[in-house]
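None of these values were measured; they are calculated from a predicted model.
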Amino acid sequence: MTGIGVAAAITMVAAGPAAYATPAKGAVPHVAAEAAETPALDCFHVEFGSHATYFAVRPLLDVVAVVLLELREQGSTTWTPMHESWGDVFRLDSNHPLRAPFSLRLRNELGVTTTYTNVIPADWRPDQSYCGTGT
């Protein structure tokens, strides 16, 4: 599935291969129309080496750059800014064990802020990706 975004790949996997058979010339696949109406699924990859007091995540977004990423722990009302580590990886060094599930809030280069509630589950593991829809 080279050359397509994460959201499109997930849609293709969920729909199954028959939905993406080559259509007749000029025909529009039914699944493509449904995908346009479905909220985009965005994913976040928890980086290898993350643990209870160090959390690093890489947003897997198709189009725009992330300029701010914040994390909210379970039971908290406070958003903690994460620091850009290297490339497009953001990290949080905590002085206490972080309490998951985590919500993430990001602002992209266009100034749009999106919140992903509990996108990183309580049983998260390093080197895994987690997906959710933002609001």
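Taking each heavy atom of A100 and A122 in turn, the nearest pair found is CB-CA, 3.7 Å. Across all non-hydrogen atoms, the minimal contact from W79 to P81 is O-CD, 3.8 Å. Of all the heavy atoms in R58 and D88, the pair that sits closest is CD-OD1, 3.0 Å. Between R72 and T78, the shortest heavy-atom distance links the atoms CG-O, 3.4 Å.
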Task: Test log, rule side chain to side chain contact (heavy atoms under 4.5 Å, CB included), inputs L106 and L61 - done: CA-CA 11 Å; L106 67 83; L61 305 177; 4.0 Å; yes
Task: Evaluation steps, side chain to side chain contact (heavy atoms under 4.5 Å, CB included), between F102 and V46 - done: CA-CA 12 Å; F102 303 134; V46 177; over 6 Å; no
TODO: Under the side chain to side chain contact (heavy atoms under 4.5 Å, CB included) rule, what do T53 and L98 come out as? Steps first, then yes or no, please.
DONE: CA-CA 6 Å; T53 59; L98 297 167; over 6 Å; no
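In this structure, CG on N108 lies 7.5 Å from OG1 on T113, to the nearest 0.5 angstrom. The line from CZ of R91 to CG of L71 is 14.0 Å long, rounded to the nearest 0.5 Å. Going from atom CG of L68 over to atom CE of M82 covers 10.5 Å, rounded to the nearest 0.5 Å. Going from atom CG of L104 over to atom CZ of F44 covers 5.0 Å, rounded to the nearest 0.5 Å. To the nearest 0.5 Å, atoms CZ (F90) and CD (E70) are separated by 10.5 Å. Atom NE2 in H83 sits 7.0 Å away from atom CG in L92 (nearest 0.5 Å).
Within the 3.5 Å criterion, the main-chain N or O of L41 finds no donor-acceptor partner in the side chain of T133. A donor-acceptor pair is defined here as one N or O able to donate and one able to accept, closer than 3.5 Å; no such pair exists between the side chain of S76 and the backbone of E73.
Side-chain atoms of P101 and I120, non-hydrogen and from C-beta on, never get closer than 4.5 Å to each other. The side-chain heavy atoms of L110 and V64, taken from C-beta on, include a pair separated by under 4.5 Å.
By the rule that hydrophobic residues join a cluster once side-chain heavy atoms approach within less than 4.5 Å of another member, V119 and V89 end up as members of separate clusters.
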Return all side-chain donor-acceptor pairs below 3.5 angstrom for residues 123-132, not counting sequence neighbours, or 'none' if the list is empty.
| residue | atom | partner | partner atom | Å |
| --- | --- | --- | --- | --- |
| D127 | OD1 | H45 | NE2 | 3.1 |
| S129 | OG | H45 | ND1 | 2.9 |
| Y130 | OH | R125 | N | 2.8 |

